[in-house]
2 protein chains.
Amino acid sequence: MTKPVTRTRIQRKNIALISEAALSVFSTYGFRGSTVDQIAREANLSKPNLLYYFPSKEAIHGHLLSTLMETWLAPLQDMKDDGEPLEEILTYMRRKLQMSRDHPRESRLFANEIVQGAPRIIEMLETELKDLVDEKAKVIEGWMDDGRLAKSDPYHLIFSIWSLTQHYADFDVQVRAVLGPENDDPFPAAERYLTTLFTRLLAP
Amino acid sequence: MTKPVTRTRIQRKNIALISEAALSVFSTYGFRGSTVDQIAREANLSKPNLLYYFPSKEAIHGHLLSTLMETWLAPLQDMKDDGEPLEEILTYMRRKLQMSRDHPRESRLFANEIVQGAPRIIEMLETELKDLVDEKAKVIEGWMDDGRLAKSDPYHLIFSIWSLTQHYADFDVQVRAVLGPENDDPFPAAERYLTTLFTRLLAP
DNA sequence: GTCTATAAAATGATAGAC
DNA sequence: GTCTATCATTTTATAGAC
């Protein structure tokens with residue numbers, strides 16, 4: 001698929017530098033709201049030098065999205081049929097919550113893209129993501145049919161894990177504004193709350 | 001606060017036209033990603049004519065945000081101390097879900113603003129919104145202390161209602177992509193799922 | 001109130017020297 | 001590989017006729 005490339009140390013370094021800078025900028029302003037100038041400044045490169053490594057603004061954004069996609073899907077892929085059902089769900093939820101805490105920019109990059117209609121990843125959502133969710137929804141449904149998990153809609157269950165965990169990255173400023181400056185880290189309380197929520201919802 | 005204005009019919013009509021168009025455009029592209037040209041085209045006005053009614057792009061955006069804010073807070077304000085606790089919470093959740101279904105552009109306008117750091121409404125979040133949530137969290141905590149609602153964190157309970165309901169507006173394309181074209185309206189199933197979720201979480 | 005024309009700044013991208 | 005200079009477009013906003 002992707003053509004094999006041999007890159008020099010300096011190429012690897014600059015591509016990493018640009019990716020890092022672009023992640024910060026795109027996740028904060030969205031695709032159309034971001035400028036190549038901003039990214040170049042953030043990466044400490046001149047604009048033409050940045051465009052020596054990527055042919056266009058669109059290319060940088062596409063590179064980020066496809067690179068991050070597999071990281072993003074990994075936690076759901078790792079939810080295994082043969083585990084203890086409630087523990088599998090709780091582990092998935094906790095991993096997603098950790099990603100919100102440790103990689104909020106990645107979360108906001110996707111949030112920006114999807115809120116704005118997902119023009120650049122809609123196809124991937126309809127194929128890769130849908131297939132993965134279909135598969136895992138079947139697993140969850142099996143658990144419910146076996147009486148190992150209380151019944152509820154498996155698709156909306158997955159949506160609820162996404163929305164509840166990503167909220168702490170995507171709406172971080174609002175969460176902090178409401179909790180006030182005295183509560184600096186909302187994540188420990190969030191984890192306790194979400195554990196209770198999914199346990200009460202799903203315990204058989 | 002706002003200076004009282006007497007507007008002609010034509011002024012009211014055009015301001016409404018511009019607001020409507022701007023809501024569509026800003027909610028889809030965010031502030032920086034939107035152009036005055038787009039809004040003018042959408043409103044069937046020339047760009048200078050649009051700028052005759054609003055002094056700048058920023059002014060249109062600000063007008064929208066402050067106009068919509070009270071609509072946005074109304075459902076939480078209406079949650080009353082003297083009702084049946086679980087019903088009050090479920091009613092609030094359902095009203096929020098209805099807003100996601102009936103006013104998705106408003107939801108996405110705020111989502112865009114907050115994901116991008118809420119530069120234009122952060123102050124309002126730290127005052128009006130925080131005060132309202134503080135007040136309602138106290139009410140909920142009272143219900144829990146009286147044993148009329150199972151205990152859990154009232155702040156994160158409110159966050160969870162926001163994230164779960166707004167998800168169906170803000171991430172609409174993703175929800176539809178995953179459910180596939182055969183499931184055209186996700187809201188009925190969402191309402192059943194969320195009713196189950198909050199009932200199991202909160203029933204004493 | 002509405003329009004055409006246009007100024008002034010920003011932005012994406014390229015040319016070409018080193 | 002990196003830079004300065006620059007082009008072509010887009011974009012916000014204004015001038016001024018009607």
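Numbers restart at 1 for each chain; the letters A, B, ... are given by sequence-line order, proteins then strands. Atom set for the values below is all heavy atoms of this structure, side chains included, hydrogens, waters and symmetry mates excluded.
- Screening residues 104-119 of chain B for side-chain hydrogen bond (donor to acceptor under 3.5 Å, both in side chains) gives Asn112(A)-Gln116(B), Gln116(A)-Asn112(B), Glu20(B)-Arg105(B), Ser24(B)-Arg105(B), Ser107(B)-Asp170(B), Glu113(B)-Arg120(B) as the qualifying pairs, with residues at least two apart or on separate chains.
- Closest approach of Ile114(B) and Val173(A) over heavy atoms only: O-CG2, 3.5 Å.
- Each ring-ring contact (aromatic ring centres under 6.0 Å, His included) pair with one or both residues in residues 17-51 of chain A, not counting sequence neighbours, appears once here: Phe26(A)-Phe31(A), Phe26(A)-His61(A), Phe31(A)-His61(A).
- Using a 30° and 60° split on the angle between ring planes, His156(A) and Phe159(A) fall in the perpendicular class, above 60°.
- Heavy-atom distances under 4.0 Å link DNA chain C to Tyr53(B) of residues 53-66 of chain B, given in residue order.
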Polar pairs (N or O, both sides) under 3.5 Å between protein and nucleotides 3-8 of chain C?
{"residue": "dC3(C)", "atom": "OP2", "partner": "Ser46(B)", "partner atom": "OG", "Å": "2.9"}

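- Judged by the 6.0 Å and 45° rule, Lys138(B) forms no cation-pi pair with Trp143(B).
- At a non-hydrogen distance threshold of 4.0 Å, Ile10(A), Gln11(A), Asn14(A) from residues 9-41 of chain A come into contact with DNA chain D.
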> Checking side chain to side chain contact (heavy atoms under 4.5 Å, CB included) for the pair Ile18(B)/His63(B): CA distance, chi angles, key distance, verdict?
Replying inline: CA-CA 11 Å; Ile18(B) 293 167; His63(B) 171 74; over 6 Å; no
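- Look at OH on Tyr52(B): it is 4 Å from P on dG1(C), rounded to the nearest Å.
- Applying the ring pair (Phe, Tyr, Trp, His ring centres under 6.0 Å) test to Tyr92(A) and every residue at least two apart in sequence or in another chain returns nothing.
- Ion pairing of Arg176(A) with Asp184(A) is absent here, as no side-chain N (NZ or NE/NH1/NH2) approaches a carboxylate O to less than 4.0 Å.
- There is a side-chain donor-acceptor pair under 3.5 Å between Tyr53(B) and Asn14(B).
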